[in-house]
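In the text below, chain A, chain B and the rest are named by the order of the sequence lines, each starting its count at 1.
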There are 2 protein chains.
Amino acid sequence: MRHDHRVILDETDRRILAELQADGRQPWAELGRRVAMSASAVVERVRRLEEAGVVRGYRAVVDPAAVGLGVRALVRLKYPTGNYKPFHDLVARTPFVLEAHHVTGEDCFVLTVLARDMRHLEQLTGRLATLGSITTSVVYSSPVEGRPVPGDDETPGG
Amino acid sequence: MRHDHRVILDETDRRILAELQADGRQPWAELGRRVAMSASAVVERVRRLEEAGVVRGYRAVVDPAAVGLGVRALVRLKYPTGNYKPFHDLVARTPFVLEAHHVTGEDCFVLTVLARDMRHLEQLTGRLATLGSITTSVVYSSPVEGRPVPGDDETPGG
DNA sequence: GCTGAAATCGCAGGGGT
DNA sequence: ACCCCTGCGATTTCAGC
């Protein structure tokens, strides 16, 4: 659970990470079978990966549309000041903001937002617009989503 | 595992989803304790949530920086034509593209990209730039990340 | 990293409200 | 529709090697 320092992974570690990103709930015994190790050995490796901060946890993947949040949007925010307090306060009490990234470029922040419908999105963006100038892009579809973090040596023809 | 049609969730379902998004690997017995139900009852509910497409799976959360991918960027792509084949082909064989969203606005696509370092990012964006005009924003930090999908009635003072 | 034994869990079947 | 209990096989865990 400590630092973010680089960790050296061998081939088995990478296979374990790929497996756990594909199915985070499979039994250790099953995972052991897939990477050709005993259950106890695989558990020890996973424990070390967690300890090293490589594996940060396990999460169920929930489909927003299935729970009534059918609209997804990316909101870019041009934030005028260096006082980030109002920004943090607003996103902290707005659970529909799934992500907020501080980025280079003209737009200081990029947010990923979920909304029930366009009316709800209008309301959410209205609140965000009190912080600064925003640009909203509504997501039509996501051709790529939920890809696993690749192993650090992966370079498949490109 | 069926359609994306709306599903009606009660309070218990929402608590289950919150728990499984916080720790997707906890034993059903433990989850039952937390929502005050027997293990078998909680398993039955989770099975139904999976069946309905609300829970799409379980994934380990891997820290990209810990495996040597210390750079994250958002790449906006102004795609000139309606022929999406070259785009899909390129992202399909580029595992460092974690997400690709088709969005409204001037930029047709927004991609989330991981890279080992700036040199690697330069290489990746160079490839993407063959498809169309791009705008790259490098992520400094992510004040909000990995938030759970909120219950559909959540409106906490905001 | 492997084995082996005890505790725990997962999974079906059956039944109650 | 929803929930609980029981039984058995599989899994987890922790010891020692």
May I have the step-by-step check of side chain to side chain contact (heavy atoms under 4.5 Å, CB included) for B/Asp23 and B/Gln26, ending in yes or no? CA-CA 6 Å; B/Asp23 180 2; B/Gln26 62 187 297; 3.7 Å; yes

Both conditions, 6.0 Å and 45 degrees, for the charged tip of B/Arg34 above the ring of B/Trp28: are they met here? no

If the helix axis at each end comes from five base pairs, how far does the helix from C/dG1-D/dC17 to C/dT17-D/dA1 deviate from straight, to 10°? 40°

State yes or no: are the ring centers of B/Tyr58 and A/Tyr58 separated by less than 6.0 Å? no

Sorted by chain and number, sequence neighbours left out, ring-ring contact (aromatic ring centres under 6.0 Å, His included) with B/Tyr140 holds for A/His102

Selection: residues 40-47 of chain B, any non-hydrogen atom under 4.0 Å of DNA chain C: none

Got a donor-acceptor contact below 3.5 angstrom from the B/Thr81 side chain to the B/Asn83 backbone? yes

With clusters defined by side-chain heavy atoms of hydrophobic residues (ILVMFWY) lying less than 4.5 Å apart, directly or transitively, does A/Leu74 cluster with B/Phe87? no

Check the hydrophobic clustering (I, L, V, M, F, W, Y; side-chain heavy atoms under 4.5 Å; chains of links allowed) and say if B/Val43 and B/Val54 are grouped together. yes

Tell me, please, which residues at least two apart from A/Gln21 pass side-chain contact (heavy atoms from CB on, under 4.5 Å). A/Leu17, A/Pro148, A/Val149, B/Arg59, B/Val62

Listed partners of A/Val71 passing side-chain contact (heavy atoms from CB on, under 4.5 Å), at least two apart: A/Ala115, A/Met118, A/Leu121, A/Val138

More than 12 foreign heavy atoms under 6.0 Å from CD of B/Glu122: is that the case here? no

Collect all protein-nucleotide pairs involving nucleotides 5-10 of chain C in which both atoms are nitrogen or oxygen and the distance is under 3.5 Å.
from	atom 1	to	atom 2	distance (Å)
C/dG10	OP2	B/Trp28	N	3.4

